[in-house]
Amino acid sequence: MKTGIDAIAFDIAKIHLPIKTLATTRNIEPEKLEKGLGLLKMTLPDMHQDTVVFGANALTKLIFEQNINLNDIARIYVGTESAIDSSKPIASFLSALIEQKFGTDCLAECDVVDFTFACIGGVDALQNCIDFIRLNPDKKAIVITTDIAKYDLNSTGEYTQGAGAVAMLVTSNPRIIAFEKDWATSTKGVFDFFKPYRNINKELITGNNANENWFDNLEAEIEIHKDQPVFDGQYSNQCYMDRTREAYFSFKKLKNTEETVYNTWSSIIMHLPYSFQGRRMLSEIYALDSKEMEMDIHSLNYQNKLKEVSKSEAYQKIVSEKLQPAEIASSIIGNLYTGSIFIGLLSTLSHFYDTNKEIEGLKFGFLAYGSGSKSKVFEGTIQSKWKEALKKVQLFKTLEESQEIDFETYEKLHKKEQKASVRTPNNEWILDSIEKENPNLLGARYYKWID
Ligand SMILES: CC(=O)SCCNC(=O)CCNC(=O)[C@H](O)C(C)(C)COP(=O)(O)OP(=O)(O)OC[C@H]1O[C@@H](n2cnc3c(N)ncnc32)[C@H](O)[C@@H]1OP(=O)(O)O
């Protein structure tokens, strides 16, 4: 029996800042961002959007588009690193909203929970659900990734921001992709990128002399938990490279093969914090596995030789054939953290759908990464009904409809100084208010559906 992804839906932030606008304002060469890192636009959450909103919209779309009977859903597992509460998972918010829209108790017997491990939490949720469906082939599960990739103004992460959610239906005999049983993992506990709790108001936390004005407005949230990470960009790249390389060679061991595994993959789907991360990082795996480079990893000339190999015609062919389709969506969305690898999959599938290329039976390889740090490498085969499952998705058409904003609006949104939504919500969930009166519900978030 096969197990994998049967259907996909998404909700990406619908406003964006062109990367050129950011580059010129920040005095960065636009070519560095556009041609060096592959960035064209970055999407941003509007005033009425948070990670619950994105997740609920993607999930609602999946339910409507695929006509899902909610009684069949045994699990809703969420991957996120943008939680809005230290106790109540986003999955709990989502189950309440879905019951509000589709009927009381429709998810009463469904198991819901969040997975957090930086950008790899969605892959952890997926692997867990796949194992569950293997044991319970008559059941179905939904995996959701939802995040807001927000970095400090003027930081090197600023140009990689993005926001949105992906929802995937996991079933036996799936229509899109069936995963093989070998999954390799590499883990090392490091501080390459993390989000510590800071600026905590001790009075509020202990409950003594709680500041009555604490929840006066949405901006107060920033002081409880800063959304932006602490990170070391170049070190995080090194950790990404190390973990993916280790997981890749463990994967070869698991498969007990000497062949260059990436050659068996027609497409390679990697975690893309920005569009060209995959092509910049895969070169080492390519160089070592193809025996193009047989050097000690610690030798002085290693990095220079690697740069040389990455510019070779043979490697550039791999980039354009196996990596480039996944980069298209990333260029115009930005980072989705847990969702990046899945939007890369969807970008690849949508590219082949739109260009009428048949990919049934082809093998896709996956290289996932989460800071902190962990990588997982796995593979799957495209199934015969992938096109039927993709009919309603319309990724690129939807992304084209995104509304451009100017730099001033971007900064106001970033600083939470914007007074009203940029775009009028339509047919979607919104964050309606945050409780500031009732002491037993202080900080509770209320959402509503806008027709
Ligand atoms: C969150 C995670 O997933 S962890 C893994 C990734 N880490 C992050 O995403 C953390 C946040 N991001 C960052 O800190 C940064 O955006 C980074 C580290 C990813 C990139 O750092 P930067 O210092 O901006 O860029 P960096 O110097 O590494 O690379 C710039 C690229 O543009 C190229 N470039 C520079 N100028 C130009 C130009 N004028 N024309 C064309 N290309 C150019 C450079 O050659 C280089 O590419 P290459 O190394 O492939 O040759």
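Quick note: residue numbers are just sequence positions, from 1. Counting starts at 1 for both ligands and their atoms, following the listed order.
- Looking at F231 against ligand 1, only its side chain comes within 4.0 Å, counting heavy atoms.
- Contacts between E29 and ligand 1 below 4.0 angstrom, taking non-hydrogen atoms only, involve the side chain exclusively.
- Salt bridge status for K397 with E400: absent, with no side-chain N to carboxylate O gap under 4.0 Å.
- Geometrically, K376 does not engage F366 in a cation-pi contact defined by less than 6.0 Å to the ring centre and at most 45° from the axis.
- Judged as a salt bridge (charged side-chain N to carboxylate O under 4.0 Å, His left out), and not counting sequence neighbours, K32 has no contacts.
- Using 4.0 Å as the threshold, F276 has no heavy atom nearer than that to any atom of ligand 1.
- Residue contacts with ligand 1 for T160 involve side-chain atoms from C-beta outward but no N, CA, C or O (heavy atoms, distance under 4.0 Å).
- Of all atoms in ligand 1, listed by their number and element, those nearer than 4.0 Å to a heavy atom of K307 are 48 (P), 49 (O), 51 (O).
- At a distance under 4.0 Å, no protein heavy atom can be found next to atom 44 (C) of ligand 1.
- Heavy-atom contacts of F193 reach the following atoms of ligand 1: 1 (C) (cutoff under 4.0 Å).
- The nearest heavy-atom contact from the protein to atom 14 (O) of ligand 1 is T156 OG1, 2.9 Å.
- Nearest protein heavy-atom neighbour of atom 7 (N) of ligand 1: S236 OG, 2.8 Å.
- Shown in contact with G233 at under 4.0 Å from a heavy atom are these atoms of ligand 1, numbered in order with element: 14 (O), 18 (C).
- Summary of contacts: the protein heavy atom closest to atom 32 (O) of ligand 1 is G36 CA, 3.2 Å.
- Ligand 1 lies out of reach of Y337, whose nearest heavy atom is not under 4.0 Å from it.
- The protein atom (non-hydrogen) at minimum distance from atom 9 (O) of ligand 1 is P273 CB, 3.5 Å.
- The closest side-chain heavy-atom distance from P174 to K2 is below 4.5 Å.
- Among protein heavy atoms, the minimum distance from atom 24 (O) of ligand 1 is reached at Y159 OH, 2.4 Å.
- Judged by the 6.0 Å and 45° rule, R279 forms a cation-pi pair with F276.
- Protein heavy atom nearest atom 37 (C) of ligand 1, with residue, atom name and distance: K32 CA, 3.5 Å.
- Between G278 and Y315, the shortest heavy-atom distance links the atoms O-OH, 4.1 Å.
- Within the listing of ligand 1, atoms 5 (C), 6 (C) sit less than 4.0 angstrom from a heavy atom of Q277.
- Counting only non-hydrogen atoms, the option in Y369, Y151, Y240 that gets closest to atom 1 (C) of ligand 1 is Y151.
- Not a single heavy atom of R279 lies less than 4.0 angstrom from ligand 1.
- Between K140 and D6 there is no salt bridge, since no side-chain N of the basic residue sits under 4.0 Å from a carboxylate O of the acidic one.
- Taking only nitrogen or oxygen atoms, main chain and side chain alike, Q234 reaches within less than 3.5 Å of ligand 1.
- Contact check on K317 versus E313 returns no salt bridge, with no Lys/Arg side-chain nitrogen under 4.0 Å from an Asp/Glu carboxylate oxygen.
- The protein heavy atom nearest to atom 19 (C) of ligand 1 is Y274 CE2, 3.2 Å.
- Ligand 1 is never approached by E34 to a heavy-atom distance shorter than 4.0 Å.
- The pair E284-R245 meets the salt-bridge criterion, since a charged nitrogen lies less than 4.0 angstrom from a carboxylate oxygen.
- Where the criterion is an N or O separation shorter than 3.5 Å, residue side chain and backbone included, N335 fails it with respect to ligand 1.
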Would you check, one step at a time, whether the test side-chain contact (heavy atoms from CB on, under 4.5 Å) holds for Y248 with T244? CA-CA 6 Å; Y248 177 85; T244 49; 6.0 Å; no
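- Salt-bridge formation is not detected for the pair D192/R243: no Lys NZ or Arg NE/NH1/NH2 atom is positioned less than 4.0 Å from an Asp or Glu carboxylate oxygen.
- Partners of Y240 under the side chain to side chain donor-acceptor pair (under 3.5 Å) rule, at least two apart in sequence or in another chain, do not exist in this structure.
- Ranking the protein heavy atoms by distance from atom 50 (O) of ligand 1 puts R280 NE, 3.2 Å first.
- K188 has no carboxylate O lying under 4.0 Å from a charged side-chain N of E246, or vice versa, which leaves the two without a salt bridge.
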